[in-house]
Amino acid sequence: MSELRVRFAPSPTGYLHIGGARTALFNFLMARQAQGTFILRIEDTDVERSTQESVDAILNAMSWLGLSCDEGPFYQSDRFDLYKQKVQQLLEEGKAYKCYCSSEELDAKREAAMASGDKPRYDGTCRELADEEHEKNANRPYVVRFKTCPEGETSFNDRIKGTITFNNAELDDMIIQRSDGTPTYNFVVVVDDAEMGLNLVLRGDDHVNNTPRQIQIYQALGYPVPEFAHVPMILGSDKKRLSKRHGATSVMAYRDMGYLPEALVNYLVRLGWSHGDDEIFSMDELIEKFSLDHVGRSASVFNPEKLLWLNEHYIKTGDPQRLGALLVEYLAAQGIDAKNGPDPAAVVVTLQDRSKTLVEMAEKAAFYYQDVLIYDEQVQEKFLTPEQRPIFEALLDALSECVFDHAGIENAFQVVLERTGLKFGKVGQPTRVALSGGTSAPGIYEVVEVLGRGRCLERLTTVLSRING
Ligand code: GLU
């Protein structure tokens, strides 16, 4: 068995879609598991619709997901000479032909076929033109068509779907080179997959119908035919093809919404693949366990709640240093500069159990970094009143004097309870409000410790002057 060579071949006409990312991931996992090669090929032959912006967006999304390639990115737009040469080869060998039918003629034929209830297909007008006919047409624009074998069947053993057989009579002579000289998808994909030595083509099942045509091209060009695996589609909850109606479909939109790449990877792999009842997989586990044998044949339904659940899991169990560095970016997106505030990793530790996304975490972390806290009016009326003045005064004293670690802080609160004669229940909530602006912050000792002595004293002083003023 030769070394496994697989690829991801996106068309750069938009962002990296969830479905594309899953295809890329499956290919990546297959390559890593077999210690094979993962190739990235940008299919930008459609010059009108391909943009550099989209190439960048796709590359960014792949690198965010951790799907590094071993070869590439290759650009089809750099390879036009090769495609031309291969078209020429087929023309010379009589396996392709120039077709001069105008689009008006073709439209008229198509309409006639549809009117009589036939499948619209090219009728072969130019398929067997004699040399003189070609000479006569020498100055006319032409496309190049592939001479499809009209008899028999084309069959392949799909690694996911099993044997798929097409009746060749269904396939008409498709265009492999347009009248402007540019080659078409079904042709270049074969030349590239073959020239790049791919032995497994793993892609979305929207390409199943292209496969018999492509197989005939492999054969005509004398290339070995690779194996194929077509991954079923992803559907929305209404069982329609996943689209924006069902929520974000762009990989990077999930980053912007505060998802971790490992959550998305873990989620995507389970869209189609299963391993018993297991749900949580690290990339290393996936590389070890992934198998096409356990990719289902039917479409999978996108479930945003499950993705959120996985994200919550990865936030809860993530390394605080790493999440802290990310948190800083999400705070910045909310207009908060974390530079002069508490250590983000320490902040993360107080919020890991209470945040489903990094956006939510940044919202909850904002109070740590704000210079001026914004108090909710109702909360203020309830908790920041002259009645609480003695609490804040006592706390101000105790926190200025205590050893500033967890035990020291706990001790400082004891001093406050003794001095005010109040139970902790009466002290904790007003303090939480004074220091965080609201009632739902993490544990008060943690908040005090992470905020640091300076900020605590500053906030208590501000609250006292508000109460007094
Ligand atoms: N470029 C094609 C697409 O974006 C994929 C081609 C293939 O995987 O064969 O759909």
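Below, each value reflects all heavy atoms present in this structure, side chains not excepted, and no hydrogens, waters or symmetry copies. Counting starts at 1 for both ligands and their atoms, in listed order. In what follows, residues are counted from 1 in the order of the sequence shown.
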**Message:** Before you tell me yes or no, could you show the steps for Asp70 and Arg32 under salt bridge (charged side-chain N to carboxylate O under 4.0 Å, His left out), namely the whole-Å CA-CA distance, both residues' side-chain angles and the distance that decides it to 0.1 Å?
**Reply:** CA-CA 10 Å; Asp70 307 301; Arg32 290 291 168 274; 3.1 Å; yes

So which protein heavy atom does [atom] come closest to, and at what separation?
| atom | answer |
| --- | --- |
| atom 10 (O) of ligand 1 | His207 NE2, 3.0 Å |
| atom 8 (O) of ligand 1 | Arg7 NH1, 2.6 Å |
| atom 5 (C) of ligand 1 | Ala9 O, 3.3 Å |
| atom 3 (C) of ligand 1 | Ser11 OG, 3.6 Å |

**Prompt:** Hey, is Gln214 one of the residues with a heavy atom under 4.0 angstrom from ligand 1?
**Reply:** no

**Item:** Test item, Phe8 contacting ligand 1 (heavy atom, 4.0 angstrom)
**Value:** no

**Asp180 and Thr182 side chains, donor-acceptor separation under 3.5 Å** = yes

**Item:** Option with minimal heavy-atom separation from atom 2 (C) of ligand 1, where the choices are Glu43, Arg203, Arg41
**Value:** Glu43

**Prompt:** Can you list every ring pair (Phe, Tyr, Trp, His ring centres under 6.0 Å) pair that touches residues 105-130, not counting sequence neighbours?
**Reply:** none

**Request:** Run through Asp205, Ile160, Asp206 and flag the one making a side chain to side chain contact (heavy atoms under 4.5 Å, CB included) with Val231.
**Result:** Ile160

**Message:** For Phe26, does the six-membered ring have the charged nitrogen or CZ of Arg22 within the cation-pi criterion, i.e. under 6.0 angstrom from the centroid and within 45° of the normal?
**Reply:** yes

**Request:** Please examine the side chains of Val143 and Ser179, heavy atoms only from C-beta on, and report whether any two atoms are closer than 4.5 Å.
**Result:** yes

**Message:** Side chains of Glu71 and Met196, heavy atoms from C-beta outward: is any pair under 4.5 Å?
**Reply:** no

**Prompt:** Judging by distance only, is a nitrogen or oxygen of Asp206 under 3.5 angstrom from one on ligand 1?
**Reply:** no

**Request:** Look only at interatomic distance and state if Val201 has a nitrogen or oxygen under 3.5 Å from any nitrogen or oxygen of ligand 1.
**Result:** no

**Request:** Find all atoms of ligand 1 within a distance of less than 4.0 Å from any non-hydrogen atom belonging to Val189, and give their numbers and elements.
**Result:** 9 (O)

